[in-house]
4 protein chains.
Amino acid sequence: MSPPSRRTGRPRSVEADRAILGATRAALVELGWGKLTMGDVAARAGVAKTTLYRRWAGKNELVVDAVAAVFDEHLMSADCGSLRADIENVVVRFAELLELPETKTALMAVVAEATQDEALGARVRSAIVDRQKRLVLIGRERAQLRGELPREEDPGAAARNADLIFDVIAGSVVHRLLVSAEPVDAEWAQGFSTLLLQGLAAAAQPGGTTENGGGGPGGQNPAGSV
Amino acid sequence: MSPPSRRTGRPRSVEADRAILGATRAALVELGWGKLTMGDVAARAGVAKTTLYRRWAGKNELVVDAVAAVFDEHLMSADCGSLRADIENVVVRFAELLELPETKTALMAVVAEATQDEALGARVRSAIVDRQKRLVLIGRERAQLRGELPREEDPGAAARNADLIFDVIAGSVVHRLLVSAEPVDAEWAQGFSTLLLQGLAAAAQPGGTTENGGGGPGGQNPAGSV
Amino acid sequence: MSPPSRRTGRPRSVEADRAILGATRAALVELGWGKLTMGDVAARAGVAKTTLYRRWAGKNELVVDAVAAVFDEHLMSADCGSLRADIENVVVRFAELLELPETKTALMAVVAEATQDEALGARVRSAIVDRQKRLVLIGRERAQLRGELPREEDPGAAARNADLIFDVIAGSVVHRLLVSAEPVDAEWAQGFSTLLLQGLAAAAQPGGTTENGGGGPGGQNPAGSV
Amino acid sequence: MSPPSRRTGRPRSVEADRAILGATRAALVELGWGKLTMGDVAARAGVAKTTLYRRWAGKNELVVDAVAAVFDEHLMSADCGSLRADIENVVVRFAELLELPETKTALMAVVAEATQDEALGARVRSAIVDRQKRLVLIGRERAQLRGELPREEDPGAAARNADLIFDVIAGSVVHRLLVSAEPVDAEWAQGFSTLLLQGLAAAAQPGGTTENGGGGPGGQNPAGSV
DNA sequence: TACTAACCGAGACGGTACGTCTTGTCTTCAT
DNA sequence: ATGAAGACAAGACGTACCGTCTCGGTTAGTA
């Protein structure tokens with residue numbers, strides 16, 4: 001997994017790694033993704049451009065790691081006492097995170113680049129996305145301990161379910177903030193949580209995700225029953 | 001709308017407009033947003049760069065218009081007979097649209113740029129996003145006619161609700177496709193629809209968006225009732 | 001010969017040409033060949049690097065033209081009244097030219113590069129060397145008018161002779177100055193002229209360049225006759 | 001000469017010295033002076049860059065030594081039986097030496113660098129130039145023994161004379177080959193020798209180098225006597 | 001035999017110039 | 001006035017070399 005762990009030659013400076021990521025973050029705050037340049041980051045870090053390129057293939061990769069560090073700092077999953085409270089909390093915290101000047105533009109830009117560069121996409125997912133997804137798993141676990149959600153028996157279905165929930169939460173918040181350009185406040189978080197909690201309840205029902213498959217006429221009962 | 005409607009001098013070539021948007025789209029397919037350049041678009045269109053800049057302020061604006069044209073081509077809202085079917089249909093159609101190489105690479109990129117440029121954001125919303133949001137309104141109208149959803153009395157709440165639903169649908173699909181890089185197939189669409197239909201039911205209940213506001217302890221009943 | 005003489009597009013700025021050559025010369029004086037950089041020249045000339053590279057393939061070509069301009073400025077062939085005086089004059093003038101800070105290092109460096117780049121060599125010869133060679137032809141013409149030298153009948157031999165004389169004059173002065181690092185003063189010029197005048201006399205004798213071809217034993221008469 | 005003559009510690013590898021000079025020569029042949037890099041030489045020699053810099057201050061010094069080694073290999077001064085034959089021989093041999101790819105590309109380059117670095121100039125002269133100059137002295141000695149040239153009484157004048165002759169021979173050949181880029185063949189060697197032998201004769205005449213000093217009008221007799 | 005100073009390879013480091021590329025503007029001639 | 005062509009200033013790109021510096025390890029010579 002690790003590179004053959006060279007043991008010859010001068011070892012890479014861990015100091016430099018820290019300085020570069022810090023400089024990248026500072027540059028993101030000051031200049032934004034668009035005006036950030038490798039040369040500027042190097043200068044801020046007191047480092048040669050070569051040193052950047054030895055570690056990161058380019059601006060995209062560097063920014064992914066810098067943003068990942070910001071995410072790691074803000075990652076948390078406080079137990080708020082109920083599933084609803086946990087969801088509202090994570091929504092608001094995630095929104096706060098996306099409002100930081102160093103993440104907002106950079107994250108979207110990197111995701112855009114990732115559509116053309118599979119390796120970059122993998123890096124984004126492993127360094128940023130998957131770590132956030134962990135919060136969903138933890139939240140579900142807690143809800144199950146509280147008895148708010150039943151334990152799922154099929155591990156495959158459980159994983160698919162977690163993926164769906166994560167895409168819905170993260171996607172909705174991002175879209176609200178960055179596309180619709182509207183704030184994610186307590187009110188919006190409540191409305192969203194209400195919607196999501198009902199969905200979780202339905203998904204938890206046996207066969208919930210496969211019932212009424214064709215979507216053909218006559219399938220109006222889930223909402224029609226209200 | 002038009003500037004004082006110039007009447008003197010040579011009129012602008014409508015041919016050129018078409019060629020430029022077509023060339024932009026082709027360049028997006030071949031090169032992706034990142035490698036697309038104004039010079040290349042001009043060359044493909046057989047047009048001078050001056051001609052591009054006379055019509056669009058820059059790469060961002062040009063690409064927004066090119067992408068908007070693609071969206072317009074694919075816009076539709078067939079009545080599939082039920083709310084669930086309508087939702088699944090719009091999800092799958094939207095996913096197909098996002099899988100086109102010219103939109104996939106460009107959409108996140110212009111959204112990223114828009115976070116730094118409010119005018120661009122407004123253009124993105126008016127040219128692309130709002131036209132999609134209309135589909136949500138049409139779908140809700142149809143569901144209300146069918147009796148699947150109640151009519152809302154408060155127009156403000158109705159608008160907020162439509163915004164929420166749109167953010168959830170569009171955001172989830174985009175996140176699934178572009179961030180998680182997983183396919184939006186019939187199965188995923190079903191799971192997502194199930195989740196969303198339950199949410200719509202809850203939101204439609206009187207006071208649904210404000211009940212149980214604080215999310216404090218003891219608020220576990222919505223899902224706990226399952 | 002000339003490029004198809006484009007008539008479309010913006011014409012190249014003659015102003016820029018002048019500024020660049022001037023800046024190159026100034027940079028040669030201040031920094032010398034080794035420290036001269038394309039970026040610095042561009043900055044001095046108030047010009048973008050692109051503009052340099054549009055006209056010259058690199059540092060070598062640029063410097064050749066800049067040095068050629070210096071040579072052209074100093075080129076002269078005053079009639080000093082006698083062949084000896086003309087030779088001594090051209091030797092001293094050429095030495096002065098080579099002592100200029102903008103020519104000394106640059107000329108040798110460019111000649112060195114030219115050994116690996118035939119196109120550069122051709123440029124050096126046509127822009128610098130051949131124009132100097134003209135002085136030899138003019139000097140010979142004057143000497144023949146004065147009766148100091150006979151007219152040569154074979155034009156091929158005359159050309160070969162001029163080449164030889166030029167290589168001897170230019171080579172000796174360059175070697176004295178740059179390799180031996182000794183001054184070319186009036187005394188050295190006298191000694192050199194004496195040597196050369198005798199050679200010219202010998203070469204002018206019928207069959208002078210082919211007599212005693214083998215160089216075998218017994219061929220000692222030219223000097224032995226002294 | 002040597003520093004306090006270290007006596008402790010591991011001695012420097014003589015193997016490495018040989019490998020480095022060999023690699024330098026090979027790199028000169030393949031790449032020429034301009035493209036030769038220290039890193040490349042180190043890699044070819046199977047040696048660390050540190051090892052190069054421990055022995056030579058830089059590219060210039062390294063190349064001077066490598067070229068000097070080539071010159072030493074080719075040094076010779078066969079007695080060809082007459083002064084003319086000796087001259088023609090040395091001219092042709094020197095030309096052969098300069099045609100070697102490792103000297104052709106490097107000699108002018110180090111001379112160019114030497115104009116900016118006096119220490120380097122001294123090194124070039126002591127390692128390369130002066131060893132060649134010895135051939136002139138030997139040739140003159142032989143000619144004097146043969147009676148082709150008179151013995152000079154003033155040792156200062158003799159030294160100046162040798163310097164002049166050396167500059168003329170070496171400079172003319174170098175200029176012919178590297179600047180004019182024309183071959184030094186038997187025919188050119190003959191023409192050059194003829195010219196030089198006459199000059200030697202004149203210079204050997206008492207007062208030859210000072211007569212007719214001003215070069216003023218009326219000084220046309222040396223050639224005018226032809 | 002053990003110590004130890006100088007050596008060696010590898011390769012990372014800060015710096016700096018390279019030559020290319022793109023952006024958005026400007027200038028020319030022609031329509 | 002517009003259009004195609006293309007030069008222009010500005011400035012980032014990613015690469016290449018330079019000469020220095022740390023590493024871990026080797027190799028005499030001395031103790």
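Order of the sequence lines sets the chain letters (A, B, ...), proteins ahead of strands, with each chain counted from 1.
What separates CG of Leu36(C) from P of dT16(E) is a distance of 17 Å, to the nearest Å. Per the geometry, CD belonging to Glu113(A) stands 13 Å off P belonging to dC13(F), to the nearest Å. Atom pair Met38(A):CE and dG11(F):P shows a separation of 20 Å (rounding to whole Å applied). When rounded to the nearest whole Å, the span between CG of Leu52(C) and C1' of dC21(E) equals 16 Å. Atoms NZ (Lys35(A)) and P (dA12(F)) sit 10 Å apart, rounded to a whole Å. Note: CG (Leu62(D)) to P (dG19(F)) measures 11 Å, nearest angstrom. Rounded to a whole Å, the CD1 atom of Ile20(C) is 13 Å from the P atom of dA7(F). Put simply, CH2 on Trp56(A) is 15 Å from P on dC13(F), counting in whole angstrom units.
Electrostatic pairing of Arg54(A) and Glu61(A) does not count as a salt bridge here, judged by no charged N lying under 4.0 Å from a carboxylate O. Salt-bridge formation is detected for the pair Glu30(B)/Arg44(B): a Lys NZ or Arg NE/NH1/NH2 atom is positioned less than 4.0 Å from an Asp or Glu carboxylate oxygen. Ionic pairing of Arg123(B) and Asp65(B) is present here: one or more N-O contacts between side-chain nitrogen and carboxylate oxygen are shorter than 4.0 angstrom.
When the nucleotides dG9(E), dC18(F), dC13(E) are ranked by their closest atom to the side chain of Ala16(A), dC13(E) comes out on top. Of the candidates dT23(E), dA28(F), dA7(F), dT23(E) carries the atom nearest the Tyr53(B) side chain, counting heavy atoms from C-beta on.
Of the residues near DNA chain F, Val14(C) and Ala57(D), the one whose nearest nucleotide (by heavy atom distance) lies more toward the 5' end is Val14(C). Ranked by how close their nearest DNA chain E nucleotide is to the 5' end, Val47(D) and Lys59(B) are led by Val47(D). In this structure, Ala48(A) and Thr51(D) both approach DNA chain E, and ranking their closest nucleotides by distance from the 5' end singles out Thr51(D).
Not one side-chain nitrogen or oxygen of Thr37(D) sits closer than 4.0 Å to the OP1 or OP2 atom of dA16(F). Residue Thr8(A) has no polar side-chain atom (N or O) positioned under 4.0 Å from OP1 or OP2 of dG25(F). Taking side-chain N and O atoms only, Arg54(B) has a distance below 4.0 Å to OP1 or OP2 of dG3(F). Within the structure, a side-chain polar atom (N or O) of Arg55(A) is placed less than 4.0 Å from OP1 or OP2 of dC13(E). Remark: Thr50(D) is not in phosphate contact with dC21(F), judged by side-chain N or O atoms under 4.0 Å from OP1 or OP2.
Residue Gly58(A) is out of contact with every strand shown, counting any heavy-atom pair closer than 4.0 Å.
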Quiz item: How far apart are the C-alpha atoms of Asp17(D) and Arg12(D), what are their side-chain angles, what is the distance that settles it, and do they pass the salt bridge (Lys or Arg N to Asp or Glu O under 4.0 Å) test?
Solution: CA-CA 9 Å; Asp17(D) 285 73; Arg12(D) 290 195 179 160; over 6 Å; no

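A donor-acceptor pair under 3.5 Å is formed between the side chain of Lys59(B) and the backbone N or O of Trp33(B).
Between the side chain of Lys49(B) and the base of dG24(E), at least one donor-acceptor pair of N or O atoms lies under 3.5 Å. Judged by distance alone with a 3.5 Å cut-off, a donor-acceptor contact links the side chain of Arg10(A) to the base of dC21(F).
Residues Ala42(D) and Ala48(D) share a closest heavy-atom pair of CB-C, 4.1 Å.
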